[in-house]
Every structure is written in structure tokens, then in C-alpha cells.
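Heavy-atom basis, side chains included; hydrogens, waters and symmetry copies ignored. Note that the structure is predicted; figures quoted are calculated from it, not measured.
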Amino acid sequence: MAKKVNEELTRSLKKYLKVISDIELERGIVRVKEIAKRMNVSMSSVSTSLKKLTNLGYIDYEKHFFVKFTFKGKALADKFHYNSTILYRFLIDVLKVDENTARIQADEICVDIIDDVMSKLEEYLNTRI
């Protein structure tokens with residue numbers, strides 16, 4: 001009898017979802033090789049993470065095929081992009097961070113920030129316009 005492993009969506013797996021979404025927006029299709037290149041990890045590390053994301057229901061992936069989002073995965077990836085956009089705006093407009101640093105930091109923070117903080121940040125930005 002196979003053991004059932006309780007997996008959770010870790011920060012690392014969230015970052016994979018964000019990178020997969022970035023690649024999909026730019027290229028239309030997502031390959032393991034491109035994910036490995038973007039994340040500076042081995043292709044076997046990517047494959048392991050993609051299996052976990054598949055088991056959690058966020059993507060559809062089989063070896064030697066393209067990576068595709070499930071509805072659940074696409075919804076979360078879209079949320080990360082939205083969060084990243086708001087955070088980027090805050091870093092540029094309010095904190096006056098340079099564009100490159102703002103993009104990198106927004107992409108890092110977007111997978112961790114909780115909804116309540118995100119709402120307050122968005123509300124703050126909207127009152128400044």
C-alpha cells in the first residue's frame with residue numbers, strides 16, 4: 001500500500017506558479033527547460049516541483065509535455081500577478097525604488113502577502129490618485 005503524503009503549497013511552489021505564469025504570458029507555452037532557466041535550478045528540481053503542483057491540483061503536467069494550469073492554478077497565478085502589479089506600483093510611486101529592484105521585490109513579496117494587507121495597500125494607493 002502506497003503512503004499518502006500530505007503536501008502543502010509552500011513558498012517555493014508558489015514561486016513556481018508565478019514563474020510558470022510569467023512564461024505563459026510571454027511565450028504562450030511553458031517548458032521545463034525554461035522554468036529551470038528562469039529559476040536557476042536543475043530540470044530535475046523543476047520536474048519534482050511540477051509533480052507536487054500536479055498532485056495539489058494547480059497544474060496539469062506529464063513528462064515531455066507542456067505545463068498547463070488548472071482552473072485552480074490559474075486563479076492563484078492571476079492573484080500573484082495582481083499582487084505583484086500593486087506592490088510594484090507602491091514601490092515605484094511611494095517608496096521611489098528603481099524599476100528593476102521594484103520588479104524583483106514585487107515578484108518576491110507577491111507570493112507571501114496576505115489578502116488583508118494587500119487590500120489595505122491597494123486602498124492606500126487608490127486614495128493617493
Side-chain angles (χ1 to χ4, degrees):
M1 180 189 276
K3 288 184 179 180
K4 185 175 181 182
V5 178
N6 288 333
E7 294 184 25
E8 65 178 55
L9 188 60
T10 63
R11 182 177 199 282
S12 175
L13 293 176
K14 289 177 185 178
K15 289 180 73 176
Y16 273 94
L17 289 174
K18 175 71 169 73
V19 168
I20 291 166
S21 182
D22 290 345
I23 295 168
E24 183 182 70
L25 285 171
E26 292 168 19
R27 297 180 177 246
I29 58 172
V30 182
R31 293 183 173 96
V32 171
K33 185 176 182 177
E34 183 65 23
I35 298 168
K37 181 179 173 185
R38 296 268 179 113
M39 296 189 75
N40 198 28
V41 297
S42 69
M43 287 179 44
S44 64
S45 292
V46 173
S47 293
T48 299
S49 294
L50 293 181
K51 287 176 190 172
K52 290 178 183 178
L53 288 168
T54 298
N55 290 339
L56 290 167
Y58 290 98
I59 63 167
D60 288 322
Y61 170 72
E62 291 183 37
K63 194 172 183 178
H64 305 296
F65 288 94
F66 301 124
V67 179
K68 295 182 181 179
F69 281 112
T70 62
F71 181 78
K72 175 181 171 181
K74 182 66 174 154
L76 188 56
D78 287 349
K79 179 181 176 180
F80 293 155
H81 271 285
Y82 179 79
N83 289 353
S84 182
T85 300
I86 298 299
L87 287 159
Y88 177 80
R89 216 174 105 208
F90 177 77
L91 292 169
I92 293 288
D93 296 348
V94 177
L95 299 183
K96 307 298 184 202
V97 174
D98 70 88
E99 288 186 20
N100 188 50
T101 302
R103 176 61 50 217
I104 292 167
Q105 289 300 295
D107 282 349
E108 284 294 317
I109 298 167
C110 74
V111 299
D112 293 320
I113 196 162
I114 61 172
D115 292 343
D116 186 49
V117 173
M118 196 72 235
S119 294
K120 291 180 188 293
L121 183 60
E122 184 177 19
E123 183 180 313
Y124 174 79
L125 287 172
N126 289 336
T127 59
R128 296 194 60 200
I129 295 176

Sidechain-backbone polar pair: [X] side chain, [Y] backbone, donor-acceptor under 3.5 Å:
{"X": "T54", "Y": "D60", "result": "no"}
{"X": "S49", "Y": "V46", "result": "no"}
{"X": "K63", "Y": "S47", "result": "no"}
{"X": "S84", "Y": "C110", "result": "no"}

Look at atom [atom1] of [X] and say whether more than 12 heavy atoms of other residues, nucleotides or ligands are closer to it than 6.0 Å.
{"X": "E99", "atom1": "CD", "answer": "no"}
{"X": "R31", "atom1": "CZ", "answer": "no"}
{"X": "K68", "atom1": "NZ", "answer": "no"}
{"X": "N40", "atom1": "CG", "answer": "no"}
{"X": "K37", "atom1": "NZ", "answer": "no"}
{"X": "K51", "atom1": "NZ", "answer": "no"}

**Complete:** Heavy-atom closest pair (H81 atom, D22 atom, distance to 0.1 Å) is CE1-OD1, 2.6 Å

**Closest approach of L13 to E8 (non-hydrogen atoms, all atoms of both residues)** = CD1-O, 3.6 Å

Validation row: [X], [Y] side chains within 4.5 angstrom (heavy atoms):
{"X": "E24", "Y": "V67", "result": "no"}
{"X": "L87", "Y": "D107", "result": "no"}
{"X": "I20", "Y": "L50", "result": "yes"}

**E108 bridged to R11 by N-O distance under 4.0 Å** = yes

**Asked** Do we see a donor-acceptor contact under 3.5 Å between the side chains of S42 and S44?
**Response** yes

**Fill in**
dist F80:CZ -> L17:CG (nearest 0.5 Å) comes out at 6.0 Å

**Prompt:** With the 4.5 Å side-chain cut-off for hydrophobic clustering, are L76 and F71 part of the same group?
**Reply:** no

